Amino acid sequence: DTAVSQTPKYLVTQMGNDKSIKCEQNLGHDTMYWYKQDSKKFLKIMFSYNNKELIINETVPNRFSPKSPDKAHLNLHINSLELGDSAVYFCASSQGTGDYGYTFGSGTRLTVV
Amino acid sequence: AQSVTQPDIHITVSEGASLELRCNYSYGATPYLFWYVQSPGQGLQLLLKYFSGDTLVQGIKGFEAEFKRSQSSFNLRKPSVHWSDAAEYFCAVGANTNAGKSTFGDGTTLTVKP
């Protein structure tokens, strides 16, 4: 049983399209995150939700909209995709609201053509 | 603001040799420190973490790390590297008042020679 699962694993789409990535965790963690890893493997936080409430919203284009229907799920919707959005997007979860270490999903590789 | 520096972009070691990966951090208060490993095509896996107490922490897969406050360092070590340790290693810094936000270093790529 995967602890943090993301779907899809790969996503290839054309510029201008809208796409969503889904994430689910079965660890009972309170906090979930979206991280972006670029082609140089740099990791940058995008969003964080604690018990369905947005607590971190970094400088991310508003074409990116996270949604957390419950504390076990955090989805990422991206409108009007651009070439620069190509990256690997990781979902992660952690206990509480402090930084106690993350459990990561296996990532979604998004390629915009 | 917190930051992490991993001075070595790429390290190559022979199988069976010892390993040390360097990590330096900047944080105004007592940091929480982490090491993660990322195998190709995979997500990151937490190897070990330091919150307080004993400055030498043991992790999974035979790794350990030592927190040195005077040097603002948290170096990762392994006495004998296996070919399966080839991966990308990330150091991260956070805190319990940080809304869970970790800042990651740029990573060190480890290659293991047979």
Side-chain angles (χ1 to χ4, degrees), chain A residues 2-7 9-10 21 23-25 27 29-51 53-60 68 71 74 87-109, chain B residues 1-6 8-10 23 25 27-53 57-60 63 65 74 86-110:
Chain A
T2 306
V4 180
S5 58
Q6 291 179 233
T7 54
K9 190 166 175 65
Y10 299 97
I21 306 171
C23 179
E24 176 182 2
Q25 56 97 1
L27 298 167
H29 286 170
D30 297 316
T31 309
M32 296 184 72
Y33 309 82
W34 281 111
Y35 270 82
K36 179 181 180 180
Q37 186 174 48
D38 65 19
S39 58
K40 295 183 179 178
K41 299 198 174 178
F42 300 151
L43 277 156
K44 189 168 167 54
I45 193 166
M46 300 173 69
F47 302 103
S48 169
Y49 270 76
N50 176 258
N51 223 347
E53 182 183 343
L54 181 66
I55 56 172
I56 295 175
N57 185 350
E58 292 292 289
T59 308
V60 175
S68 182
K71 78 171 195 176
L74 179 62
V88 181
Y89 293 84
F90 286 104
C91 177
S93 70
S94 68
Q95 195 99 19
T97 54
D99 191 359
Y100 303 115
Y102 300 152
T103 301
F104 280 86
S106 57
T108 296
R109 181 175 293 277
Chain B
Q2 60 200 43
S3 66
V4 176
T5 301
Q6 292 181 245
D8 304 305
I9 296 172
H10 196 165
C23 172
Y25 69 90
Y27 189 70
T30 300
Y32 287 4
L33 293 160
F34 309 89
W35 275 99
Y36 291 85
V37 61
Q38 183 180 24
S39 298
Q42 301 296 315
L44 285 76
Q45 182 183 20
L46 182 63
L47 283 175
L48 46 77
K49 57 192 174 187
Y50 171 79
F51 295 154
S52 65
V57 293
Q58 302 297 320
I60 61 172
F63 286 93
F74 188 58
E88 191 81 17
Y89 290 81
F90 293 93
C91 182
V93 64
N96 67 346
T97 56
N98 220 15
K101 176 182 169 182
S102 276
T103 298
F104 285 78
D106 293 342
T108 298
T109 303
L110 173 65

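Model, not experiment: these values are computed from the prediction. Within every chain, numbering begins at 1; the chains are lettered A, B, ... in the order of the sequence lines, protein sequences first and strands thereafter.
If you measure heavy-atom distances from Lys44(A) to chain B, you find no contacts under 4.5 Å at all.
Remark: Ile9(B) CD1 is loosely packed, at most 12 non-hydrogen atoms of other residues, nucleotides or ligands lying under 6.0 Å away.
Residue with the most contacts toward chain B among Lys40(A), Glu58(A), Arg109(A): Glu58(A) (heavy-atom pairs, distance under 4.5 Å).
At least one side-chain heavy atom of Gln37(A) sits less than 4.5 Å from a side-chain heavy atom of Phe90(B).
Distance check: Glu88(B) CD to Leu43(A) CG gives 9.5 Å after rounding to the nearest 0.5 Å.
Contact detail for Gln38(B) and Phe90(A): the closest heavy-atom pair is NE2-CZ, 3.3 Å.
In this structure a side-chain-to-backbone donor-acceptor pair under 3.5 Å is present from Tyr36(B) to Tyr102(A).
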